[in-house]
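What follows is a single structure, written as structure tokens, with notes after it.
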Amino acid sequence: MYTDENDVKAVTKVIRRGSYWAIGHEVEAFEKKIAKFLGVRYALAFNSGTSAIHTMLLAIGIEGKEVIVPSFTFIATVNPVLLAGGIPVFAETETETFGLDIKDIEHRINPETKAIMAFHYGGFPSRDIKKLRTLANKKKILLLEDACQSLGASINGKKVGTFGDVACFSLCQSKIISTGEGGLLVTNNDRIYNKAKLLRSHGRVELAVDYFSTTKESKYIQAGYNFRMPSMNAALGISQLKKINFLANRRRKLAYQLSQALKPIKQIKTMQEAKGHFSVYQMFTIELPDQETRDKLQKHLEKKGIMSKVYFNPIHLMKIYQERDNESGDLMTTETLSKKVLTIPLYPSMTDKELNYLIKSIKEFDMNIYS
Ligand SMILES: Cc1ncc(COP(=O)(O)O)c(C=O)c1O
């Protein structure tokens with residue numbers, strides 16, 4: 001994460017105020033700024049991306065219905081489908097931006113399908129998001145976006161999170177901007193917004209005056225959770241949002257330098273932006289020729305004190321999903337891709353020295369095994 005004194009001041013101000021730590025005016029102010037930044041009517045702040053996704057699924061109602069989901073993602077894209085009473089139907093990954101592959105969706109749609117959950121990987125707009133929108137319209141089902149990793153990414157200026165009927169973002173510490181933990185749900189749909197707002201806070205009808213400052217009795221009109229974002233986090237979110245363009249550009253610059261430096265190594269494939277796409281490079285993921293090389297490179301980097309991680313292992317092969325009729329071989333592209341990817345460090349405060357050390361360490365490895 002990236003922070004400055006303004007962040008500290010913003011949070012401190014709320015703490016020192018000594019009141020409205022919950023349901024403070026910062027929450028609504030943050031939501032309004034996010035809605036404006038994305039160009040949507042409604043944004044709701046949550047205490048995590050997971051609770052935002054959970055609420056999104058409850059708000060559209062998926063009980064007993066199928067939702068087409070990616071397998072190449074973080075598990076929180078899929079678990080909420082189960083928890084909201086739905087049936088996750090896994091589909092393949094395209095190998096350019098690692099989103100859902102449009103070619104593998106249509107034949108999975110049937111009368112039980114309620115929605116497609118698109119996914120924007122690592123700051124990249126999903127290659128097929130517009131085609132997924134068209135398909136969802138044609139089939140009269142909903143398009144949802146797990147845009148948790150891609151706040152600020154866009155296609156020809158249209159931000160990810162605005163293609164679907166409803167979308168979610170995460171503000172956990174690894175994301176382009178962060179509130180420590182936090183999430184967002186965005187939509188243009190009145191009904192989804194109103195339902196999600198009730199679900200977020202005990203099913204309580206919110207009064208003009210906040211709950212903690214009124215003697216008026218509250219109305220509870222459905223079951224709900226406490227998935228609210230605290231006021232301190234919202235204050236931090238407002239402060240972080242001011243930096244988002246700077247942070248995206250800084251990440252893009254580093255990503256460009258890294259891509260250029262790795263270009264001569266023919267065994268390493270880096271992700272490329274499609275025409276008109278704007279990636280915020282929340283992650284920098286490389287693809288190696290095979291699992292053996294990938295694992296060796298990871299060990300080599302570890303010895304050099306460099307952290308790297310596999311994002312992602314296929315969700316359909318996790319125990320709880322194998323127990324639900326998914327098995328190895330179901331999604332060959334996803335399974336093969338998962339064996340070859342490695343996410344290497346890239347963060348806004350990365351110094352030239354750190355970047356050069358990373359590049360040097362990768363080159364050293366390449367020479368060791370290929371010369
Ligand atoms: C793709 C994806 N979906 C959902 C989540 C869940 O977000 P959170 O950690 O804020 O609950 C994450 C978080 O990393 C994510 O990367």
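From a predicted model like this one, the values you see are computed outputs, not experimental measurements.
Remark: Lys304 pairs with Glu364 by the side-chain hydrogen bond (donor to acceptor under 3.5 Å, both in side chains) rule, at least two apart or across chains. In this view, Glu206 satisfies the salt bridge (Lys or Arg N to Asp or Glu O under 4.0 Å) rule with no residue, not counting sequence neighbours.
Contact detail for Pro125 and Ile155: the closest heavy-atom pair is CB-CG1, 3.6 Å. In this structure, Asn326 and His316 approach most closely via the heavy-atom pair CB-O, 3.3 Å. The nearest pair of heavy atoms linking Gly183 to Leu171 is N-CD1, 4.1 Å. Summarising the geometry of Asp7 relative to Tyr2, their closest heavy-atom pair is OD2-O, 3.9 Å, with the distance given to 0.1 Å. Nearest approach of Tyr311 to Phe72, heavy atoms of both residues: O-CZ, 3.5 Å. Contact detail for Tyr20 and Ser231: the closest heavy-atom pair is O-OG, 2.7 Å.
Remark: Arg127 engages Asp101 in a salt bridge, criterion side-chain N to carboxylate O under 4.0 Å. Remark: Glu335 does not engage Lys339 in a salt bridge, criterion side-chain N to carboxylate O under 4.0 Å. We find that Glu145 and Arg133 are not joined by a salt bridge, their nearest charged nitrogen and carboxylate oxygen being 4.0 Å or further apart. Using a 4.0 Å cut-off between a side-chain N of Lys or Arg and a carboxylate O of Asp or Glu, Lys32 and Glu26 do not qualify as a salt bridge. Ion pair Arg294/Asp290 not flagged as a salt bridge, since none of the NZ, NE, NH1 or NH2 atoms sits closer than 4.0 Å to an Asp/Glu carboxylate oxygen. Under the 4.0 Å criterion applied to side-chain N and carboxylate O atoms, Glu323 and Lys319 are assigned as salt-bridge partners. A salt bridge is defined here as a Lys NZ or Arg NE, NH1 or NH2 lying under 4.0 Å from an Asp or Glu carboxylate O, and Glu94 with Lys103 fails to meet this definition. Comment: Arg41 engages Asp190 in a salt bridge, judged by a side-chain N to carboxylate O separation of less than 4.0 angstrom.
Of the inter-residue distances, the one linking Lys263 atom NZ with Lys269 atom NZ reads 14.5 Å to the nearest 0.5 angstrom. One distance of note links OG of Ser126 with CG of Leu132; it measures 5.5 Å at 0.5 Å rounding. To the nearest 0.5 Å, atoms CD1 (Ile109) and NZ (Lys138) are separated by 8.0 Å. Atom CG of Leu143 sits about 13.5 Å away from atom NZ of Lys130, to the nearest 0.5 Å. The line from OG1 of Thr343 to OH of Tyr121 is 3.5 Å long, rounded to the nearest 0.5 Å. Residue Leu262 holds its CG atom at 14.5 Å from NZ of Lys266, rounded to the nearest 0.5 Å.
Within the 3.5 Å criterion, the main-chain N or O of Pro348 finds no donor-acceptor partner in the side chain of Arg251. Between the side chain of Ser51 and the backbone N or O of Ser48, at least one donor-acceptor pair lies under 3.5 Å. With hydrogens and angles ignored, the 3.5 Å screen pairs a side-chain donor or acceptor of Asn189 with a backbone N or O of Ile192. With Trp21 contributing its side chain and Val14 its backbone, the two residues share a donor-acceptor pair below 3.5 Å. Thr336 places a side-chain N or O within 3.5 Å of a backbone atom of Met332 that can act as its donor or acceptor partner. Proximity of a side-chain donor or acceptor of Ser201 to a complementary backbone N or O of Arg204 within less than 3.5 Å is not detected. Remark: the backbone N or O of Leu288 is not paired with any side-chain donor or acceptor of Thr293 at under 3.5 angstrom. With hydrogens and angles ignored, the 3.5 Å screen pairs no side-chain donor or acceptor of Ser308 with any backbone N or O of Ile344. Without hydrogens or angle criteria, Gln322 side chain to Leu317 main chain gives a donor-acceptor distance under 3.5 Å. Under the 3.5 Å distance criterion, the side-chain polar atoms of Thr333 are left unmatched by any main-chain donor or acceptor of Thr93.
A cation-pi arrangement is present between Lys159 and Phe37 under the rule of less than 6.0 angstrom and at most 45 degrees off the ring axis.
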May I have the step-by-step check of side chain to side chain donor-acceptor pair (under 3.5 Å) for Tyr347 and Glu354, ending in yes or no? CA-CA 10 Å; Tyr347 44 92; Glu354 287 166 335; 3.0 Å; yes
Can you check salt bridge (Lys or Arg N to Asp or Glu O under 4.0 Å) on Arg108 and Glu66, steps first, answer last? CA-CA 10 Å; Arg108 298 184 190 275; Glu66 296 184 4; over 6 Å; no
Where do Asp295 and Leu297 land on the side-chain contact (heavy atoms from CB on, under 4.5 Å) test, with the steps shown first? CA-CA 5 Å; Asp295 292 350; Leu297 174 62; over 6 Å; no
Test side chain to side chain donor-acceptor pair (under 3.5 Å) on Glu181 and Asn47 and set out the steps. CA-CA 6 Å; Glu181 298 281 9; Asn47 53 14; over 6 Å; no
With side chain to side chain donor-acceptor pair (under 3.5 Å) as the test, would you mind laying out the steps for Gln272 and Thr270 before giving the verdict? CA-CA 6 Å; Gln272 301 298 319; Thr270 55; 3.0 Å; yes
With side chain to side chain donor-acceptor pair (under 3.5 Å) as the criterion, how do Ser178 and Gln173 come out once you've worked through the C-alpha distance, each side chain's angles and the decisive distance to 0.1 Å? CA-CA 5 Å; Ser178 177; Gln173 65 171 3; over 6 Å; no
Under the criterion side-chain contact (heavy atoms from CB on, under 4.5 Å), I'd like the reasoning laid out for Leu258 against Leu358: C-alpha separation, chi angles, the key distance, then a yes or no. CA-CA 9 Å; Leu258 204 42; Leu358 172 63; 4.0 Å; yes
Between Lys243 and Ile177, does the side-chain contact (heavy atoms from CB on, under 4.5 Å) criterion hold? Intermediate values first, please. CA-CA 8 Å; Lys243 294 183 267 285; Ile177 64 164; 5.6 Å; no
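Using a 3.5 Å distance cut-off with no hydrogens or angles, the side chains of Ser239 and Asn6 do not pair a donor with an acceptor. In this model, no donor atom of one side chain and acceptor atom of the other lie less than 3.5 Å apart for Ser279 and Glu273. Counting only N and O atoms by type, the side chains of Thr162 and Lys158 include a donor and acceptor under 3.5 Å apart.
Aromatic ring centres of His54 and Tyr225: separated by under 6.0 Å. With ring centers used as reference points, Phe119 lies 6.0 Å or more from Phe74.
Exactly one residue among Arg228, Arg200, Lys197 makes a salt bridge (Lys or Arg N to Asp or Glu O under 4.0 Å) with Glu31. That residue is Arg200. Screening Val11, Thr179, Thr12 for a side-chain contact (heavy atoms from CB on, under 4.5 Å) involving Met232 leaves a single residue, Val11.
Note on Leu44: it clusters hydrophobically with Ile53, by side-chain heavy-atom contacts below 4.5 Å among ILVMFWY residues. Hydrophobic clustering, with ILVMFWY side chains joined whenever heavy atoms are under 4.5 angstrom apart, keeps Ile141 apart from Leu57.
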